[in-house]
Amino acid sequence: HIAAHIDAIENKILPCLKRGTSVILDRYWWSTWVYGMVDGACPSSLDRMIEIEKSHWSETFPTALFLITGKNPHRIETPSNRWISLNDKYLEIARKEKDRYPVHQITNNGNVENAAIEVTNAASLYLRKSGNSDSYPPLNLYMQLSPIKTTEVFESYWRFATERQNIFFKRFSGELPPWSSDPILQEFKFTNAYRASDRVSQYLIRHVIYEGEQSADEIFFRTILFKIFNRVETWELLESKLGEISFSTYNFKRYNEILDEAMRAGNRIYSAAYIMPTGGGKYARKHSMHLQLLEKMMAEGLPDRIANCKKMALAFEALREYPTIGDFLAYQFVTDLNYSTLTGFSEMEFVVPGPGAKDGIRKCFKSLGGLSEAEIVKVVAEKQEEAFEYFGCEFKTLWGRKLQLIDCQNLFCEIDKYARKKFPEIEGRSKRSRIKQKYKIHQEKLEFWYPPKWGLNDLVSSNANPDVVRSS
């Protein structure tokens, strides 16, 4: 097997890669190791032989590897105990190799179509056109099971985005309320069309990320500490007690005491925007567990690992490995870190829809046509200019910056809430019917400041007309 692999590597695979051709293999050297170990080969001899194969791969690593697992053997003649042994060895090698290249575990307990969709959804994160152009359309676009079908909420998605952005610019220019004739927007609280324009994001960008030392450790520590609580008042409480917040002076006992005292005084320390999970453990308070989690990230060198990631998906996966950090939080955290100089990812390369966004997508579409929710968000983001024009919406961009994947994802979450009042007959997965937060008018003139690498701040400070600055 190893000799055959080397022949294929030298004569077929590497020449294709040098020509810029993508190569898909149905096996990797993992299989040789797994079957060798299960069938009783001498481990040291097996490792030496595989090292020979690896030397021919040299510095060429998989862009992504897919480990497809299942509960039961696919061949009747395969004993279940052998199947379990093979599965265990594959999972063992996956744990060892996951830091060298992305490894996606695909569960194949359902039908072939579902497993194929999982593979193509994950693969679409990595495929690239030749040169430095944008990503390929997701593979799943070519295997749609049925046409995409929309509801009347889909049109409201674009009209909501337009009106919410109009409100933003009216407030920015100092106009007096009411800023909209829409009774739902007048009564209830909704986020901005652009995530980075929201109050908490603005505070994070200006006062947390870009104030203080700009080393990888310090940027990561401040950003994740802030985002764990996601509450300006909690950050300012810590600052008032500690002075400058810095990893170099971090002390668990001191931070924990300050937060304990705030809790005893009846103060909220977590934002109500989303629920931070508790991991249990030896601490009675979940903030103690979260401080320990941040310590673990720092001790294991996560800031440098994130800084060295070439793709947002890899940084997402690095965060996702940690206890209590699920898909939603990992995507939010990597987006916030990407506001800083720690990373330079495009916000158009990767998206993970949260529960609210999935509800909004369900309300906007009768059928996704075989696409995943993430692919739907990508299609919406890529076709935004055509959609605004089709529905007759004059959408003002953020001084030339089009809606990014994170913004389109957030807008699906907001249209889910909006539709509870506008289209109460259309249900989402959560079946929620109320909007909890009422809108409170704040008439102070807003000052906005965005990540300097976006190149917007001069336009913002000069009050440049957003209608004049066109998207590139």
Is any side-chain N of the basic residue among Glu321 and Lys98 closer than 4.0 Å to the acidic one's carboxylate O? yes

Criterion side-chain contact (heavy atoms from CB on, under 4.5 Å) on Val232 and Trp235, from CA distance to verdict: CA-CA 5 Å; Val232 172; Trp235 179 265; 5.7 Å; no

Applied to residues 451-461, the side-chain hydrogen bond (donor to acceptor under 3.5 Å, both in side chains) test, sequence neighbours excluded, yields none

For the student: nearest non-hydrogen atoms of Val352 and Gln409, plus distance: O-OE1, 4.0 Å

Go through the steps for Leu259 and Leu291 under the test side-chain contact (heavy atoms from CB on, under 4.5 Å), then give the verdict. CA-CA 10 Å; Leu259 297 171; Leu291 291 175; 4.2 Å; yes

May I have all residue pairs that pass salt bridge (charged side-chain N to carboxylate O under 4.0 Å, His left out) and include part of residues 211-227, sequence neighbours excluded? Lys227-Asp336

What's the verdict on ring pair (Phe, Tyr, Trp, His ring centres under 6.0 Å) for Phe345 and Phe350, showing C-alpha distance, side-chain angles and the deciding distance? CA-CA 9 Å; Phe345 309 126; Phe350 179 69; 9.2 Å; no

Student check: side-chain heavy atoms of Ile184 and Phe190 closer than 4.5 Å: yes

Using a cut-off of 6.0 Å, state whether more than 12 heavy atoms not belonging to Glu261 lie near its atom CD. no

Closest non-hydrogen contact found for Ala64 with His104 is CB-CD2, 4.3 Å

salt_bridge(Arg401, Glu347) N-O dist < 4.0 Å: yes

Using side-chain heavy atoms (C-beta onward) and a distance below 4.5 Å, is Trp449 in contact with Val460? no

Do Met37 and Ile93 touch side chain to side chain, with heavy atoms closer than 4.5 Å? no

Under the side-chain hydrogen bond (donor to acceptor under 3.5 Å, both in side chains) rule, collect the residues that match up with Tyr194, sequence neighbours excluded. none

Hey, what do you get for CG (Asn192) to CD (Gln165), rounding to the nearest 0.5 Å? 7.0 Å

Taking every non-hydrogen atom, the tightest pair across Tyr101 and Pro62: CB-O, 3.5 Å

For a quick test of reading the model, state the closest non-hydrogen atom pair linking Ile209 to Gln214 and the distance between them. O-NE2, 2.9 Å

Are the aromatic ring centres of Phe172 and Trp399 under 6.0 angstrom apart? yes

side-chain contact (heavy atoms from CB on, under 4.5 Å), that's the test. Do Tyr250 and Leu225 meet it? Break it down for me. CA-CA 11 Å; Tyr250 168 76; Leu225 176 65; over 6 Å; no

Between Glu414 and Lys417 (salt bridge meaning N to carboxylate O under 4.0 Å), is one present in this structure? yes

Taking only residues two or more places apart in sequence or in another chain, which ones pass ring-ring contact (aromatic ring centres under 6.0 Å, His included) with Tyr322? none

Is it the case that the side chains of Ser246 and Ser248 hold a donor-acceptor pair, with the cut-off being a distance below 3.5 Å and no angle test? yes

Applying the side chain to side chain contact (heavy atoms under 4.5 Å, CB included) criterion to Val153, which one of Arg362, Lys422, Lys363 satisfies it? Lys363

Should Tyr270 and Phe229 be marked as a ring pair (Phe, Tyr, Trp, His ring centres under 6.0 Å) after you check the CA-CA gap, both sets of side-chain angles, and the distance that decides it? CA-CA 4 Å; Tyr270 287 91; Phe229 302 100; 4.9 Å; yes

Any salt bridge between Lys54 and Glu51, counting N to O under 4.0 Å? yes

Would you name the heavy atoms of Pro353 and Val377 that are closest together and state the gap between them? CG-CG2, 4.1 Å

The reported gap from CZ in Phe220 to CG in Leu302 (rounded to nearest 0.5 angstrom) is 4.0 Å

Do you know the tightest heavy-atom contact between Ala161 and Leu411? CB-CD1, 3.8 Å

With sequence neighbours excluded, tell me which residues meet salt bridge (charged side-chain N to carboxylate O under 4.0 Å, His left out) with Glu236. none

Listed partners of Tyr450 passing ring-ring contact (aromatic ring centres under 6.0 Å, His included), at least two apart: none

Pairing of Glu97 and Arg100 as salt bridge, 4.0 angstrom limit: yes

Carefully, step by step, assess Ser156 and Ile415 under the rule side-chain contact (heavy atoms from CB on, under 4.5 Å). CA-CA 8 Å; Ser156 284; Ile415 200 63; 4.1 Å; yes

With sequence neighbours excluded, what pairs up with Ser55 under the side-chain hydrogen bond (donor to acceptor under 3.5 Å, both in side chains) test? none

Pair listing, salt bridge (charged side-chain N to carboxylate O under 4.0 Å, His left out) test, anchored in residues 245-254, at least two apart: none

Report yes if the distance between the aromatic ring centroids of Tyr418 and Phe160 is under 6.0 Å, otherwise no. yes

Could you grab the distance from atom CG of Asp304 to atom CE of Met298, nearest 0.5 Å is fine? 9.0 Å

Validate the cation-pi geometry between Lys396 and Phe168: distance from NZ or CZ to the six-membered ring centre under 6.0 Å, angle to the ring axis within 45°. no

Looking at residues at least two apart in the chain, or sitting in another chain, which of them share a side-chain hydrogen bond (donor to acceptor under 3.5 Å, both in side chains) with Gln404? none

To the nearest 0.5 Å, tell me how far Gln437 CD sits from Lys189 NZ. 4.5 Å

Apply salt bridge (charged side-chain N to carboxylate O under 4.0 Å, His left out) to Glu92 and list each qualifying residue two or more places apart in sequence or on a separate chain. Lys89, Lys96

Test of understanding: with side-chain hydrogen bond (donor to acceptor under 3.5 Å, both in side chains), list the residues that count as partners of Tyr255, not counting sequence neighbours. none

Could you tell me whether Glu300 and Lys296 have a side-chain N and a carboxylate O separated by less than 4.0 Å? yes

Going by heavy atoms in the side chains, are Ile325 and Phe333 under 4.5 Å from each other? yes

State whether Arg420 and Asp416 are salt-bridged, where the test is any N-O pair (Lys NZ or Arg NE/NH1/NH2 against Asp/Glu carboxylate O) under 4.0 Å. yes

Report the residues that fulfil salt bridge (charged side-chain N to carboxylate O under 4.0 Å, His left out) with Glu53, sequence neighbours left out, ordered by chain and then residue number. none

Less than 6.0 Å separating the ring centroids of Phe395 and Trp158? no

Between the CG atom in Leu67 and the OG1 atom in Thr69, the distance rounded to the nearest 0.5 Å is 6.0 Å

Could you check if a side-chain atom of Arg206 sits within less than 4.5 angstrom of a side-chain atom of Glu447, using non-hydrogen atoms only? yes

Do Ile68 and Gln105 make a side-chain contact, defined as non-hydrogen atoms from C-beta onward lying under 4.5 Å apart? no

How about His207 and Phe226: are their ring centres within less than 6.0 Å of each other? no

